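This structure is a prediction, so every number in the text was calculated from the model and none was measured. Proteins come first, then strands; the chains are lettered A, B, ... in the order of their sequence lines, and each starts at number 1. Note that these values count all heavy atoms, side chains included, but never hydrogens, waters or copies made by symmetry.
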Amino acid sequence: VRDKLEAMDFSALYREHAAPLTAYFLRRTGDPETAADLTAETFAAALAGVRRFDPSRGPAVGWLYGIARHQLAMAQRRGRVETRARRRLGMERLEPTPAALEKLVELAQQESTARALDAALEALPPEQRDAVTARVLHGEAYTCPAARQRVSRGLARMRARLNKEELS
Amino acid sequence: MRTDDVLADLGAQLRDARPVPRRPPVRAGLAVVAAALLVGLVVALGAGGGDRGREQAAPSAATATATPTAAAGSTRVAVLNGTRTAGLATQAARQLQEGGFEVVGVANAPRRDRMSTLVAARSPRQAAAARSVAAALGVRDAANVATGDLLRVAGRRAQVVVVLGELSGPCVAQPTGEVVASIAALRSGAESASHVRYPSQVAHLADRARVAGAGVLVAAGTLCRRGPGACLELRAPRSSATGCGTLGDLRRHGVTISDGRRVAILVADGVRAVRATVTRGGRPYRLTLPVRDNIASTTGSKAAVSALRS
């Protein structure tokens with residue numbers, strides 16, 4: 001475990017990707033508090049599941065965004081942010097002050113954050129990158145309609161596009 | 001944990017993270033991993049994290065994270081008018097205030113063509129609050145999360161956004177059962193009912209179906225009525241969508257509802273019968289509905305269904 005933590009340099013991963021990841025969640029949820037919760041749970045899940053990280057399958061950032069996507073999808077499906085990993089690590093819930101939330105929103109809007117997010121997305125395998133960018137750029141929660149319509153995510157995405165064309 | 005800098009505090013928490021033993025007692029392997037994780041963490045996060053003073057995360061405090069409860073008094077609601085009927089939002093705002101909700105804004109929605117009323121949470125975390133608002137307004141579906149457009153109009157403080165539609169207000173009619181009609185041409189993929197949201201789309205769908213020579217799938221579920229309005233739930237076999245309209249809208253666009261229980265199915269030229277399954281009292285009835293003037297119709301009532309069967 002220690003080797004893996006060193007191999008991925010967890011603290012650097014946090015330093016570099018906490019802000020872009022929060023920006024990603026913020027764009028997807030529109031709510032800084034939820035975004036902060038998702039960021040916390042994603043890093044906690046990464047830390048708790050560090051054994052499962054396989055460096056031969058790509059950089060740690062891809063793995064991190066994989067967890068992030070999963071957390072986001074789960075939160076959208078269940079209507080609440082998961083807290084399991086944080087509880088396992090004995091982490092308290094963060095209760096950001098309004099000032100802290102403002103700061104988070106500002107940080108997410110900074111150009112450097114956007115660049116870091118782009119770089120992180122670049123590091124993903126193509127298939128995953130498409131899925132993430134589709135969601136980041138289009139601002140559509142495909143898993144939600146998918147769950148509602150009981151159809152695959154791809155079909156929901158297609159329908160969303162058709163709907164958009166039709167409504168515009 | 002109250003925090004002024006989310007990311008710094010999160011970094012600190014990650015550095016200080018202590019795996020909490022599970023109940024039942026941790027397996028030996030897990031304990032080793034836990035210990036190793038701890039050591040690894042100190043190494044890994046030694047240089048990182050925030051520079052602020054940090055307290056040790058007490059495991060008991062973390063497990064006590066409570067599910068947010070939705071008390072009316074603490075829920076901030078923005079009420080938007082999604083129609084061109086003046087005064088709807090003010091009226092609903094008053095109703096919510098009487099229910100103990102804090103109304104933080106009343107405004108017009110970006111689009112003014114809503115039929116049904118939308119209740120949306122700012123984020124999934126406010127879903128419980130949205131449900132209580134929906135309940136207060138008599139709206140059934142509260143599992144929505146507001147989009148950026150709505151949030152901009154609703155303002156920063158709102159936790160729940162209500163967009164009123166023409167059919168705002170409680171649904172007073174009783175559920176009348178469910179009709180699912182499918183037409184062979186539709187099954188072949190001519191059109192999908194999932195596109196149907198507004199009366200204008202019903203018309204669009206009908207036109208396209210006519211052109212394609214296909215039937216239009218229509219299904220009516222719960223029909224509810226308030227004043228001159230009617231709400232029709234359209235349901236495809238593998239998806240669901242809700243179409244709402246005033247009685248006049250629906251009539252104009254080919255779906256007629258002569259009373260709260262009647263279901264009419266618009267079909268394309270040349271379709272002579274429609275097979276339908278009518279569920280009433282939990283029992284499905286398979287029917288073949290005759291078509292007259294492009295309309296196949298039935299009602300959800302058992303008597304009528306029996307009559308159709310014989």
Please identify each residue that fulfils side chain to side chain contact (heavy atoms under 4.5 Å, CB included) with B:Ala107, with sequence neighbours left out.
->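 Only B:Leu80, B:Val153 meet the side chain to side chain contact (heavy atoms under 4.5 Å, CB included) criterion with B:Ala107.
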
Name the region of B:Leu10, side chain, backbone, both or neither, that has any atom closer than 4.5 Å to a heavy atom of chain A.
->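 For B:Leu10, backbone and side chain are both near chain A.
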
Select, from A:Thr97, A:Leu104, A:Leu101, A:Val81, the one with the greatest count of heavy-atom pairs under 4.5 Å involving chain B.
-> A:Thr97

Calculate, to the nearest 0.5 Å, the distance between atoms [atom1] and [atom2] belonging to [X] and [Y] respectively.
| X | Y | atom1 | atom2 | result |
| --- | --- | --- | --- | --- |
| B:Asp9 | A:Met91 | CG | CE | 10.5 Å |
| B:Arg15 | A:Leu47 | CZ | CG | 13.0 Å |
| A:Leu89 | B:Gln13 | CG | CD | 10.0 Å |

Partners passing side-chain hydrogen bond (donor to acceptor under 3.5 Å, both in side chains) against B:Gln159 (at least two apart in sequence or in another chain) |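 B:Gln159 satisfies side-chain hydrogen bond (donor to acceptor under 3.5 Å, both in side chains) with no other residue.
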
Apply side-chain contact (heavy atoms from CB on, under 4.5 Å) to the pair A:Leu107 and B:Leu7, showing each step before the final yes or no.
-> CA-CA 10 Å; A:Leu107 188 66; B:Leu7 297 184; 3.4 Å; yes

For A:Thr39, is it the side chain, the backbone, both, or neither that has a heavy atom closer than 4.5 Å to a heavy atom of chain B?
->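 Contact with chain B is through both the backbone and side chain of A:Thr39.
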
Checking heavy atoms, do the side chain of A:Ala35, its backbone, both or neither come under 4.5 Å from chain B?
->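 Answer is neither: A:Ala35 stays 4.5 Å or more from chain B.
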
Could you tell me which non-hydrogen atom of B:Pro124 sits nearest to which non-hydrogen atom of A:Ala75, and how far apart they are?
->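 What the structure gives for the nearest pair is CB-O, 3.8 Å.
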
Minimum heavy-atom distance between B:Asp4 and A:Ala100, given as atom pair plus value = O-CB, 3.2 Å

